[in-house]
Protein chains: 2
Amino acid sequence: MADTGSGSQSGSGSINCFTCQVRDRTEWCVLSDAEIELLNKGRITKEYLPGEVIFHEGDPCRGVFCMETGMVGVRKTDADGNSVLLYLVTPGDTLGYRALLAGEDYQASAEALEPTRICVIDSPTVRSLLEHNPALGLRYLKRVSRSLGSAEEKILHNATLSVRARFAHLLMVLLDKYGHKNSEGPTEFELPLSRHDLAAMIGTTPESMSRTIKKMESDGVAKFAGRTVHIPVLESLIMEFEPETFL
Amino acid sequence: MADTGSGSQSGSGSINCFTCQVRDRTEWCVLSDAEIELLNKGRITKEYLPGEVIFHEGDPCRGVFCMETGMVGVRKTDADGNSVLLYLVTPGDTLGYRALLAGEDYQASAEALEPTRICVIDSPTVRSLLEHNPALGLRYLKRVSRSLGSAEEKILHNATLSVRARFAHLLMVLLDKYGHKNSEGPTEFELPLSRHDLAAMIGTTPESMSRTIKKMESDGVAKFAGRTVHIPVLESLIMEFEPETFL
DNA sequence: TGTTGCGATTGACCAGCGTCAATTCATTTA
DNA sequence: TAAATGAATTGACGCTGGTCAATCGCAACA
């Protein structure tokens with residue numbers, strides 16, 4: 001087990017790209033059978049336990065990662081040890097494509113937040129596919145461009161919104177992604193993150209996170225019990241970061 | 001002159017993609033002569049005066065813009081009127097590709113900061129080129145991915161660095177791009193931006209910008225006279241945002 | 001030359017939030 | 001059951017930087 005130093009290769013040989021459950025939700029859905037054959041040959045499945053690192057900032061990029069199960073956090077850290085949690089990556093998502101496509105080393109690190117199974121497709125395979133199938137390139141272009149759009153939105157948010165407003169916004173995003181949002185009415189769901197990581201997602205400290213949570217509770221906007229969040233009225237949460245919607 | 005409502009079509013008919021001075025520095029350098037012919041047909045040249053808007057946040061994307069001369073600022077504004085200056089776009093750069101590639105409307109607005117000449121290539125032409133030439137797609141993938149990398153770095157910077165450190169960093173970036181950096185020693189160059197826009201680039205207010213400039217002067221890190229900046233020792237500027245480099 | 005207008009600067013004020021330190025709570029281990 | 005470890009919370013404090021308002025400098029123009 002050389003390689004990254006962590007992440008164990010899956011013993012189960014039955015897994016492959018043809019039977020893959022999430023393939024239709026990935027970029028690879030535009031590939032022909034012959035191309036999937038190629039993809040399958042350049043593939044290794046790996047498994048990670050929570051806390052294990054998938055790649056480090058500064059590592060050379062060796063391929064892209066295809067999430068099958070679990071959850072991964074992408075973190076960026078500066079020289080002083082301050083860090084920000086940029087993305088949460090979930091099944092059907094692709095991971096690590098930015099470095100490959102930019103022709104750079106990784107500029108962020110990825111770490112399993114839950115038990116995770118991922119397929120690694122090596123760079124030459126991805127490159128070869130991209131060079132011969134323009135549709136795949138267009139798929140990736142869409143993905144990267146959308147990602148850039150979110151990043152730019154985040155820059156604006158961080159510059160203009162308060163910690164509280166950013167947290168309210170984060171709650172909405174997490175609710176959309178991980179909660180069963182039954183349209184209107186009271187909502188309850190499980191946060192997939194620790195307080196520390198919630199803080200890192202909005203660029204603040206755990207202390208400020210705690211205080212913000214407390215204040216939102218006393219204002220009746222949301223109730224927190226461990227990782228369970230209860231939101232009585234969705235509108236009052238939205239009002240926290242988009243007050244103009246209700247004018 | 002319907003269209004965007006601003007920007008006048010260039011009268012000079014002699015300009016085209018074959019004679020274009022900046023083409024080799026753009027994504028289009030990978031195109032064949034036949035493809036450049038196509039590009040040239042889908043092209044209109046426009047000129048803008050400082051302050052004129054090239055596209056607005058929310059506008060549908062009608063093509064990509066190819067900078068020939070001048071300078072453009074890409075700005076993102078929220079509902080309260082707070083705004084951030086995300087990029088400066090200069091000759092040889094492409095503008096507005098994000099929305100096209102993501103299949104979205106513009107999420108930011110672009111405005112000429114200097115007298116500017118731009119070629120507009122309409123969406124169908126770009127799409128068609130991308131669908132048939134994978135190399136072009138790879139070029140754009142590299143560009144968007146690098147852009148995403150910078151955006152992510154900016155998120156980290158804004159979250160962890162002080163206004164002063166961010167400004168020092170901005171000065172370095174502007175120096176690299178717009179100044180003649182004669183390796184070491186004292187350096188002098190012209191800022192391409194007003195104080196207001198300098199502030200918008202690092203996500204702060206003009207007032208804080210002023211105070212930061214004043215404090216940096218009294219600390220001897222840089223001297224400011226209007227838009228002229230004089231930096232006695234480059235290292236002391238770098239020390240402002242990367243102190244660990246000198247430990 | 002006076003006036004208007006705009007960008008830049010300065011001052012005064014203070015709220016938000018980061019920092020440091022102590023405490024509580026939950027979970028694991030001996 | 002006690003001890004130990006790490007996450008989460010709470011308190012106290014102070015600085016950074018945002019806000020509001022006044023002033024200044026400079027250019028355009030009547």
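Chain identifiers are assigned alphabetically (A, B, ...) following the order of the sequence lines, protein sequences preceding nucleic acid strands; residue numbering begins at 1 within each chain. Just so you know, these numbers come straight off a predicted model, no measurement behind them. Any value given below was found using the heavy atoms of this structure, including those in side chains, with hydrogens, waters and symmetry copies removed.
Using a cut-off of 4.0 Å between Lys/Arg side-chain N and Asp/Glu carboxylate O, Arg75(A) and Asp197(A) are scored as salt-bridged.
Phosphate contact (OP1/OP2 of dT10(D), side-chain N/O of Lys214(A), threshold under 4.0 Å): present. Between dG18(D) and Thr204(B), a contact under 4.0 Å exists linking OP1 or OP2 to a side-chain N or O.
Between Arg227(A) and Phe189(A) there is no side-chain heavy-atom pair separated by less than 4.5 Å.
Rounded to whole angstrom, the span from the NZ atom of Lys215(A) across to the C1' atom of dT9(D) amounts to 15 Å. Residue Met216(B) contributes atom CE, which lies 16 Å from atom C1' of dG17(D) at whole-angstrom precision. If you take CG of Leu198(B) and P of dG17(D), they are 16 Å apart, rounded to a whole angstrom.
Proximity of residues 71-90 of chain A to DNA chain C (heavy atom under 4.0 angstrom from any strand atom) is not detected for any residue. Less than 4.0 Å separates DNA chain D from at least one heavy atom of each of the following residues of residues 162-169 of chain B: Ser162(B), Val163(B).
His157(A) pairs by the ring-ring contact (aromatic ring centres under 6.0 Å, His included) definition with His169(A), not counting sequence neighbours.
Taking the six-membered ring wherever Trp is involved, the centroid distance between the rings of Phe65(A) and Phe55(A) falls below 6.0 Å.
Among the candidates Arg164(A), Lys215(A), Arg166(A), the single residue satisfying the salt bridge (Lys or Arg N to Asp or Glu O under 4.0 Å) test with Glu240(A) is Arg164(A).
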Between the protein and nucleotides 13-15 of chain C, are there any N/O to N/O pairs under 3.5 Å, and if so, what are the atom names and distances?
none

Pick out the pairs of N or O atoms, protein on one side and nucleotides 5-8 of chain D on the other, that lie under 3.5 Å.
from   : atom 1 : to        : atom 2 : distance (Å)
dA8(D) : OP1    : Arg195(A) : N      : 3.4

Would you tabulate the nitrogen or oxygen pairs shorter than 3.5 Å linking the protein to nucleotides 20-22 of chain C?
from    : atom 1 : to        : atom 2 : distance (Å)
dC20(C) : N4     : Glu207(A) : OE2    : 3.2

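In this structure, the side chain of Glu57(A) engages the main chain of Thr77(A) through a donor-acceptor pair within 3.5 Å.
Closest approach of Ser83(B) and Ala200(B) over heavy atoms only: O-CB, 4.3 Å.
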